[in-house]
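Lettering of chains follows the sequences in order, A, B, ..., and the numbering in each one begins at 1.
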Amino acid sequence: MAKSATENSAFTEQLMEEVCDRENLERAWKRVKRNKGSPGVDGMTIDEAKAFLRQHWPNIRSQLLDGNYRPQPVKRVEIPKPDGGVRKLGVPCVVDRLIQQAVLQVLQERWDPTFSEHSFGFRPGRSAHQAVAQAQRYVADGYNVVVDLDLERFFDRVNHDILMSRVAARIPDKRVLKLIRAFLNAGVLEDGLVRPVDEGTPQGGPLSPFLSNIVLDDLDKELARRGHRFCRYADDCNIYLRSHHAGERVRASISRFLTDKLRLKVNEAKSAVARPEERKFLGFSIANDGSQRRIAPKALDKFKDRIREITCRTRGISLQQMIADLTPYLIGWRGYFGFCQTPRVLTNLEAWIRRRLRLYLWRQWRNGHNRFTELRRLGIAKFAASVAAGSPTGLWRMSGHPAVQHALRNHVFDSLGLPRIFMPVLA
DNA sequence: CCAGTACACAC
RNA sequence: AUUGUGUGUACUGG
């Protein structure tokens, strides 16, 4: 019985055939195309790669099936990090992104379900919200000391031999093993020459996040074996304990485990044993009694700065344009942080937007030529009179009136060309 | 179910 | 000038 279950989920020696399956490749190509990424070292764009593959795919496919495909080195791209440092990306060329994606899909389908229930990063159907909710549950249950472990340049430090040994333990297809090893060893093009790499998995490769989870799955299993409550998102690992004393002990012991068994270095400066309130996890911080999750102060500052940035240049652009810039940001931000109680700053900001927009619409409308006839038609004679007098008091008294709202909607809102997304802001 | 836009988090 | 990957959410359209 158990055997048939493993047979169903186990990988076969024909895994490369599955990778090269038509349907799998089409799904992989769609993903690569959707991401609209830039070319790798060969300078081939996605559109060009499409034509290239039409011609050369049979050749590449047979190389893959023979187990001697050689990926190109990755392109080095440096992007600034929020904290001022730089993130070194390794961008594979389009064809290699396609192949990695195809491998990822096949491996992930059967491997991912075996990962820990406490691992949330880079996994289908799992989110940062779920990780934070689980963390909050632990704190609410009285595990209100957190060991926050941060790994030093985790992707760049992944040990190839340890990773490959974990992969080889489950993958019998030698061609797939060789291909993954080739991706790891492809090197990076810097200053016109290829520099070989002996550790790390390229940040930018579709397979990299999944590989990182394979390595840290050992950590998950070890923590579970010791009976700890924990949540992990990528290299951000939080363990929840009942006392500070136990926390220090676990911190030291897990640090040792990571360096000895996985050859990974814990960033002692960024790691800590503390109360949940003092730490941030995925942009949130949890109250010490676990009763609520809050937006971490740092994330809130970032939000305020962004709002200032958009609203300060109001001199140069119309209010209409400013609202247009602001609204998508607010919606997106709420999508993530609305997960916890809405902070007052956001409610205040929304009220401010409503006032400004209503005033703006009012002015537009007041200057329109058909306002009096429209008001009379609506039977709001008093309001019509205050419009005629140009009195702003009429606005505040009447702007909430259903008939006025209706008039604004029909005669001003649409004529200004504001997207319908602003409707709730006005209401 | 399939496209497109935006935001957030992680590396 | 250059900007990769994964995941999640919200909106629009078919």
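OP1 or OP2 of C:U5 has at least one side-chain nitrogen or oxygen of A:Arg97 nearer than 4.0 Å. Residue A:Asn213 has no polar side-chain atom (N or O) positioned under 4.0 Å from OP1 or OP2 of C:G6. Dashed line: the shortest gap from a side-chain N or O of A:Ser127 to OP1 or OP2 of C:U7 is not under 4.0 Å. For C:U7, the OP1/OP2 oxygens have a side-chain nitrogen or oxygen of A:Arg31 closer than 4.0 Å.
When heavy atoms are screened at a 4.0 angstrom cut-off, A:Lys280 is found touching the sugar-phosphate backbone but no base atom. Using a 4.0 Å heavy-atom cutoff across all strands shown, A:Ser208 reaches no nucleic acid atom at all. Using a 4.0 Å heavy-atom criterion, one finds that A:Gln130 contacts no nucleic acid atom at all. Residue A:Arg87 is classed as a base contact, given a heavy-atom separation below 4.0 Å to a base. Contact annotation for A:Lys30: backbone-only contact, meaning every heavy-atom pair under 4.0 Å involves sugar-phosphate atoms and none involves a base. Among the protein residues, A:Leu282 comes within range of the sugar-phosphate backbone only, with heavy atoms under 4.0 Å from sugar or phosphate atoms but none that close to a base. Residue contacts for A:Gly121: at a heavy-atom cut-off of 4.0 Å it reaches no nucleic acid atom on any strand shown. Across all strands shown, A:Lys36 has heavy atoms under 4.0 Å from sugar-phosphate atoms exclusively, and none from any base.
Here A:Glu17 does not pair with A:Arg61 in a salt bridge; the nearest charged N to carboxylate O distance is not below 4.0 Å. Salt bridge A:Glu199/A:Arg153: absent, no basic N to carboxylate O contact under 4.0 Å.
Which of B:dG4, C:U5, C:U3 sits closest to the side chain of A:Val77 comes down to C:U3. The side chain of A:Asn35 lies closest to C:G6, out of C:G6, C:U3, B:dC11.
Residues A:Ala287 and A:Val139 come closest through the heavy atom pair O-CG1, 3.5 Å.
Comparing A:Lys75 and A:Gln101 by the nucleotide of RNA chain C whose heavy atom lies nearest to each, the residue mapping closer to the 5' end is A:Lys75. Two residues, A:Gly125 and A:Leu207, neighbour RNA chain C, and the one matched to the more 5' nucleotide by heavy-atom proximity is A:Leu207.
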Residues A:Gln136, A:Arg293; criterion side chain to side chain contact (heavy atoms under 4.5 Å, CB included); working and verdict: CA-CA 7 Å; A:Gln136 187 187 359; A:Arg293 41 181 176 254; 2.5 Å; yes

